[in-house]
Amino acid sequence: MNNPSHAVFSVHYIGLNLKKGVTAGDFEQFARERGVQIPAYPGWRWTLLKGLRGERENEYLMLYEAPDAQQYARYVTASGEQTAEAQQFWQQHPQALALIAEWKTFATFAELPTIFTTYSLVAENTNSSLPEGPNYQAKSGQETVARVVGFHNLALRAGVLPQMFEKFITDNIHRVEDYPGWKFHMLKGQGGNRLDQYAVMLEIESLASLNAFHPGLDVSTEKSLAFVAAHQDTERMYDEWRTLASFSGAPQLYTDYLAIAGNAG
């Protein structure tokens with residue numbers, strides 16, 4: 001039986017301040033050296049992602065993770081605005097406000113009118129070997145954690161109701177076997193620009209792990225093909241999925257991102 005967390009995710013498009021001549025290198029250096037000091041709300045995490053390949057290659061995305069819908073609603077409304085408690089949080093962190101102001105000299109920040117979507121978690125692979133933890137972490141004396149996060153948009157087939165698709169996923173999630181160090185999440189838009197639409201979010205332990213199985217757009221290695229051959233029930237489940245909705249990857253829009261900065265509150 002699948003017992004997923006109740007996490008809520010939100011994604012926000014980030015754009016460079018081109019009018020001031022900011023380069024990708026300028027922004028990334030700031031994000032890694034100073035931006036990482038911007039705190040997350042209590043219990044939250046944020047990760048700055050850079051597109052590796054797909055629809056938004058070399059573009060940026062801010063990913064927030066809240067432990068549940070209640071904790072998300074404490075700080076952000078359904079329309080993406082800060083609550084009174086969120087405003088109080090930032091007033092209590094004046095150094096963070098100064099860093100956010102500095103961030104905005106390099107790029108947009110994750111706030112309105114930035115395009116965003118808030119997602120609830122429909123199901124996730126609870127048997128994944130990916131350890132719990134942030135997607136980016138850099139500590140002195142320790143190897144930097146820089147995971148890959150993929151967002152793959154889905155579309156239902158004609159005549160398929162959302163309830164039918166969600167029931168199939170929740171009833172069959174136990175059949176999913178991820179590659180070692182990968183984790184599958186099925187998300188549904190609850191607010192913002194992709195309301196009521198579905199996306200697969202893949203968390204992958206490293207860029208090396210991604211390339212070990214899929215080194216390019218829709219390219220599979222021998223290691224990947226051997227894994228698929230050894231997990232045929234997962235492939236049968238994916239074939240059943242395709243009768244209800246499009247599958248992760250081409251021809252749907254997707255981007256695989258590399259984590260380049262982050263903070264876990």
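Note that the structure is a prediction, hence the values are computed from the model and not measured. The residues of the chain are indexed from 1 along the displayed sequence.
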Nearest non-hydrogen partners of Y13 and T108, listed with the distance: O-OG1, 3.9 Å

Are any side-chain N or O atoms of R34 and backbone N or O atoms of W103, one a donor and one an acceptor, separated by less than 3.5 Å? no

Have Q190 and S120 got a donor and an acceptor in their side chains that come within less than 3.5 Å? yes

Parallel, tilted or perpendicular, judged at 30° and 60°: which one describes the rings of F247 and W241? perpendicular

Test your reading of the model: is there a side-chain donor-acceptor pair from Q232 to the backbone of V228, 3.5 Å cut-off? yes

Flag if over 12 foreign heavy atoms under 6.0 Å of CD, E143: no

Treat each ILVMFWY residue as a node, draw an edge where side-chain heavy atoms are under 4.5 Å apart, and state whether L49 and F9 are in one component. yes

If we ignore hydrogens and angles and just use 3.5 Å, is the side chain of T255 paired with the main-chain N or O of R56 as donor and acceptor? yes

Look only at the side chain of T114 and the backbone of A110, and say whether a donor-acceptor pair between them is shorter than 3.5 Å. no

Determine, step by step, whether T23 and E28 satisfy the side-chain contact (heavy atoms from CB on, under 4.5 Å) criterion, reporting the C-alpha distance in whole Å, the side-chain angles of both residues, the deciding distance to 0.1 Å, and the verdict. CA-CA 9 Å; T23 67; E28 292 174 28; over 6 Å; no

Considering all heavy atoms of both residues, which atom of R147 and which atom of P131 are nearest to each other, and what is their separation? NH2-O, 2.7 Å

Kindly give the heavy-atom pair with the smallest separation between Q91 and P94, and that separation in Å. O-CD, 3.8 Å

For E240 and N172, which heavy atoms make the closest approach, and how far apart are they? OE1-OD1, 4.4 Å

Whether the side chain of D256 engages the backbone of L52 through a donor-acceptor N/O pair (distance < 3.5 Å, no angle test) should be reported. no

Which distance, rounded to the nearest 0.5 Å, do you find between the CD1 of I38 and the CD of E102? 8.5 Å

First locate atom CD of E177, then atom OG1 of T234, and finally report the distance between them rounded to the nearest 0.5 Å. 5.0 Å

Rounded to the nearest 0.5 angstrom, the CD1-CZ distance for I100 and F109 is 4.0 Å

Are the side chain of S129 and the backbone of G181 linked by a donor-acceptor contact shorter than 3.5 Å? yes

Student check: side-chain heavy atoms of S209 and V148 closer than 4.5 Å: no

For the residue pair T117 and G189, what are the closest heavy atoms and their distance? CG2-CA, 4.2 Å

Side chain T47, main chain G262, donor-acceptor under 3.5 Å: no

Might you work through the salt bridge (Lys or Arg N to Asp or Glu O under 4.0 Å) test for K183 and E203, ending with a clear yes or no? CA-CA 5 Å; K183 185 166 185 176; E203 291 182 301; 5.8 Å; no

Taking the six-membered ring for Trp and the full ring for Phe, Tyr or His, determine whether the centres of W46 and Y41 are under 6.0 Å apart. no

So CG of L253 and CG of L154: to nearest 0.5 Å the spacing works out to 11.0 Å

Could you check whether the rings of H231 and F227 sit parallel, tilted or perpendicular, using 30° and 60° as the cut-offs? parallel

Given side-chain contact (heavy atoms from CB on, under 4.5 Å), test M201 with Y119 step by step and report yes or no. CA-CA 10 Å; M201 183 178 76; Y119 291 99; over 6 Å; no

Parallel, tilted or perpendicular: which one describes the rings of F30 and F106, with boundaries at 30° and 60°? parallel

Going through the checks in order, is the side-chain contact (heavy atoms from CB on, under 4.5 Å) test met by Y254 and V200? CA-CA 9 Å; Y254 70 98; V200 169; over 6 Å; no

Parallel, tilted or perpendicular: which fits the ring planes of F89 and Y75, with parallel below 30° and perpendicular above 60°? perpendicular

Find out if a path of hydrophobic residues (ILVMFWY) with successive side-chain heavy-atom gaps under 4.5 Å connects L112 to L195. no

Looking at F116, is its backbone amide N or carbonyl O close enough to the side chain of N193 to form a donor-acceptor pair, meaning the two atoms are under 3.5 Å apart? yes

Contact check, side chains of P67 and Y72, non-hydrogen atoms, under 4.5 Å: no

Are V149 and Y136 connected in a single hydrophobic cluster, I mean Ile/Leu/Val/Met/Phe/Trp/Tyr linked by side-chain heavy atoms less than 4.5 Å apart? no

Common cluster, L202/V176, ILVMFWY with side-chain heavy-atom separation under 4.5 Å: yes

Pair Q71-R74, side-chain donor/acceptor within less than 3.5 Å: yes

NZ/NE/NH1/NH2 to OD/OE distance under 4.0 Å, R236 and D239: no

Could you tell me the separation between the CE atom of M186 and the CD1 atom of I169, rounded to the nearest 0.5 Å? 3.5 Å

Go through S224 and Y179 one step at a time and tell me if the side chain to side chain donor-acceptor pair (under 3.5 Å) criterion holds. CA-CA 8 Å; S224 169; Y179 297 131; 2.7 Å; yes

Going by heavy atoms in the side chains, are V122 and L187 under 4.5 Å from each other? no

May I ask you to decide if G133's main-chain N or O and R45's side chain share a donor-acceptor pair within less than 3.5 Å? yes

Please say whether more than 12 non-hydrogen atoms of neighbouring residues, nucleotides or ligands are located less than 6.0 Å from CD in Q29. no

If hydrophobic clusters are built from ILVMFWY residues whose side chains come within less than 4.5 Å, do Y60 and M62 share one? yes

Quick check: closest heavy atoms across N263 and A40, and the distance to 0.1 Å? OD1-N, 3.6 Å

Are L210 and W182 close enough, and set up right, to give a side-chain contact (heavy atoms from CB on, under 4.5 Å), and what steps lead you there? CA-CA 9 Å; L210 171 65; W182 292 45; 3.9 Å; yes

From I14 atom CD1 to L63 atom CG, the distance as rounded to the nearest 0.5 Å: 11.0 Å

